[in-house]
Trainee: 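Take this structure, written in structure tokens, and hold onto it; I'll ask about it next.
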Amino acid sequence: MGLSWRIAYNFLRDGRAQTLLIIVGVAVGAAVIVFITALVDGLQGNIVQRTLGTQAHIVVSSPDLLPLAQAVPPGTVDLRSTDARPQRLRSINNWPGVLDVLQQLDGVTAASPVVTGPAFAQRGAAVRAVAVIGIVPQRYVQVIPVNQDMVQGRFNVGASQILIGNRLAQDLGLRVGDKLRVQGASGGSQVFDVAGVFSLGVRDLDQRYVYMGLKPAQALLGLPGGVTEIDLTVRDIFRAEAIAARINRLTGLKSESWMTTNGQLLNALKSQSLSSALIRFFVALSVAFGIASVLAVSVVQRTREIGILRAMGATRQRILAVFLYEGAAVGFAGSVLGAAAGAGMVWVFNTYGPALFYVPVAFSLVIEAVVVATLAGIAAAALPAMRAAGLDPVVAIRYV
């Protein structure tokens, strides 16, 4: 093996110009793989973080009310027209017991009871339709970290303190410490103190959401002691759909994951991943073709030397190993340089780019790029190596 490496090194040294060019080509390919993959991963992570930063991974609620219609015998044509039942605010039956069960499910990291429904916010003559969200603060922030989105005041909800979005505060001319009357759908109303103003980064939510304590929200919405939904977070966000299906089977409750409510986003993420995979594949393919073409030319140019080596006793396996080592060396050297260049490009993007999101470079990505390029170099060297190993020594020595 040591002799094969020395012969491969001499071949690389003799064809320095060709070797340098193909190493540069491999480096460019590896840099593109590292940069594009890191950029797509960072973009996807940022999109998912922004989307799930304002909603639960899974929302569990009461099943929809179905029309009351008598079943017809099998084989009977039903010509009746049945109107859909209007959906009203309802509490989850035995929600404390359901909450205990959900918290113990494998993959669920946090669960929070929530009561939510429509209401009106009034200040003087100004009235706005809002969505009241009654929460248990210590539990809710484990699901949606609203406490990290405060722009004024502090995160505090209670018997008379509420939180409002910055858009709603602008519409009603509110500041921290001002009074706001909230009237629920049941007809009850209460005056609250604005304890803080938040910004979730979504215009509609910042214009409609009003956070308050669980009991005041239950009183406003006419659901004493009840909750309309249980919000969950899961350890692996891409298993949310499977966990939601399991919850539906266990409890019979309506269970929707973020993957269901954000179907278009999920399709966009899949399309991005597919595009990134295709780019990596074709770049690796072009690198392999480049190495193969250089080594094929090298076999032709060094036919006489290969014949001399064969005449001196070098076996076919040794000649085969020489060119495989050469392909591996070119792929490894180029990939190391390219991975470093790709990481440098990511640093430039993070430092001098638009700063819309941060792009991390995982160490595993660098290792993957080096391994893929090295394996591509070995695979590309296979055909030229077999051709070199198959040369007849007598014919090769006479080659001019």
Trainee: Mind checking what makes side-chain contact (heavy atoms from CB on, under 4.5 Å) contact with L180, not counting sequence neighbours?
Mentor: A121, R123, I162, I164, L172, L174, V182, V194
Trainee: Could you state the interatomic distance from CG (D236) to CD1 (I243), rounded to the nearest 0.5 Å?
Mentor: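 Interatomic distance, D236 CG to I243 CD1, rounded to 0.5 Å: 7.5 Å.
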Trainee: Can a donor-acceptor pair be found between the side chains of T109 and T233 at a distance below 3.5 Å?
Mentor: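 Present: a donor and an acceptor within the cut-off.
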Trainee: Are any non-hydrogen side-chain atoms of S62 and I92 less than 4.5 angstrom apart?
Mentor: yes
Trainee: Please tell me if the side chains of S275 and L278 come closer than 4.5 Å, counting only heavy atoms from C-beta onward.
Mentor: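 Counting from C-beta outward, S275 and L278 never come under 4.5 Å.
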Trainee: Report yes or no: does N248 contribute a side-chain atom to a donor-acceptor pair with the main-chain N or O of L253 at less than 3.5 Å?
Mentor: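 A pair under 3.5 Å: yes.
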Trainee: Does D231 offer a backbone N or O that forms a donor-acceptor pair with the side chain of S112 under 3.5 Å?
Mentor: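 Not a single qualifying donor-acceptor pair exists.
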Trainee: Is the backbone N or O of V234 less than 3.5 Å from a side-chain atom of H57, with the two atoms forming a donor-acceptor pair by type?
Mentor: yes
Trainee: Let me check something: do V40 and F238 share a hydrophobic cluster, defined by ILVMFWY side-chain heavy atoms less than 4.5 Å apart, either directly or through other members?
Mentor: yes
Trainee: Is a side-chain donor or acceptor of W95 paired with a backbone partner of I230 at a separation under 3.5 angstrom?
Mentor: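 A pair under 3.5 Å: no.
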Trainee: Hydrophobic cluster membership, with links at side-chain heavy-atom distances under 4.5 Å among I/L/V/M/F/W/Y: are F363 and V336 in one?
Mentor: no
Trainee: Restricting to non-hydrogen atoms, name the atom on R139 and the atom on A111 that form the minimum distance, rounded to 0.1 Å.
Mentor: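 Minimum heavy-atom separation between R139 and A111: NH1-O, 3.1 Å.
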Trainee: Does N267, at its CG atom, have more than 12 non-hydrogen atoms belonging to other residues, nucleotides or ligands within less than 6.0 Å?
Mentor: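 Correct, the count exceeds 12.
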Trainee: Quick one: does T116's side chain have a donor or acceptor within less than 3.5 Å of a partner on V132's backbone?
Mentor: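 Yes: the side chain of T116 pairs with the backbone of V132.
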Trainee: How long is the gap from CZ on F192 to CD on Q161, to the nearest 0.5 Å?
Mentor: 9.5 Å
Trainee: What is the distance from atom CE of M212 to atom CG of L214, rounded to the nearest 0.5 Å?
Mentor: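 Separation between the atoms: 11.0 Å.
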Trainee: Working to the nearest 0.5 angstrom, can you tell me the gap between E241 CD and E256 CD?
Mentor: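 Separation between the atoms: 9.0 Å.
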Trainee: Is there a side-chain contact between P113 and V136 in this structure, where contact means two heavy atoms from C-beta onward sitting under 4.5 Å apart?
Mentor: yes
Trainee: Can you find a pair of side-chain heavy atoms, one from V227 and one from Q218, that are under 4.5 Å apart?
Mentor: yes
Trainee: So does A159 get a backbone contact from the side chain of Q190, meaning a donor-acceptor N/O pair under 3.5 Å?
Mentor: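 Confirmed, Q190 side chain pairs with A159 backbone.
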Trainee: I'd like to know whether CZ of F155 has more than 12 heavy-atom contacts from other residues, nucleotides or ligands below 6.0 angstrom.
Mentor: yes
Trainee: Using every non-hydrogen atom in the two residues, find where V34 and A369 come nearest and quote the distance to one decimal.
Mentor: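 It is CG2-CB, 3.7 Å.
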Trainee: Are V146 and I135 joined in one hydrophobic group, where the rule is that I, L, V, M, F, W and Y side chains link up if heavy atoms are under 4.5 Å apart?
Mentor: yes
Trainee: Given 3.5 Å as the limit, does a donor-acceptor pair link the side chain of D206 with the main chain of L200, or not?
Mentor: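 Such a contact is found between D206 side chain and L200 backbone.
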Trainee: Can you tell me if Q44 and S273 form a side-chain donor-acceptor pair at under 3.5 Å?
Mentor: yes
Trainee: What's the separation between atom OG in S255 and atom CZ in R249, rounded to the nearest 0.5 Å?
Mentor: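 It is 10.5 Å, given to the nearest 0.5 Å.
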Trainee: Using every non-hydrogen atom in the two residues, find where G117 and L221 come nearest and quote the distance to one decimal.
Mentor: N-CD1, 3.5 Å
Trainee: Once side-chain contact (heavy atoms from CB on, under 4.5 Å) is applied, do any residues pair with A373, and if so which ones, sequence neighbours excluded?
Mentor: V26, S335
Trainee: Locate the shortest heavy-atom distance separating S189 from L220; write the atom from each residue and the value.
Mentor: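 In terms of heavy atoms, the two residues are closest at CA-CD2, 3.8 Å.
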Trainee: Quick one: does I58's side chain get under 4.5 Å of L102's, heavy atoms only?
Mentor: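 SC-SC contact between I58 and L102 ruled out.
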Trainee: Between G134 and A217, what is the shortest heavy-atom contact and its length?
Mentor: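 Where G134 meets A217 most closely, the heavy atoms are CA-CB, 3.4 Å.
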Trainee: Roughly how far, to the nearest 0.5 Å, is CZ of R235 from CG of D106?
Mentor: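 Going from CG on D106 over to CZ on R235, the span is 6.5 Å.
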Trainee: With the side chain counted from C-beta on, respond yes when T37 and E368 share a heavy-atom pair under 4.5 Å apart, and no when they do not.
Mentor: no
Trainee: Quick check on the hydrophobic clustering: are F349 and V361 connected, directly or via other members, by side-chain heavy-atom contacts under 4.5 Å?
Mentor: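 In one cluster: yes.
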Trainee: Can you check whether Y140 and Y211 have ring centres sitting under 6.0 Å from each other?
Mentor: yes
Trainee: Let me check something: do I133 and V157 share a hydrophobic cluster, defined by ILVMFWY side-chain heavy atoms less than 4.5 Å apart, either directly or through other members?
Mentor: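 Yes, same cluster.
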Trainee: For the CG atom on D204, are there more than 12 heavy atoms of other groups (residues, nucleotides or ligands in this structure) within a distance under 6.0 Å?
Mentor: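 More than 12 within 6.0 Å, yes.
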Trainee: Do the side chains of V176 and M150 get nearer than 4.5 Å, heavy atoms only?
Mentor: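 Counting from C-beta outward, M150 and V176 never come under 4.5 Å.
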Trainee: On a heavy-atom basis, which atom in T228 and which in V115 lie closest, and how many Å separate them?
Mentor: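 The answer is OG1-CA, 3.5 Å.
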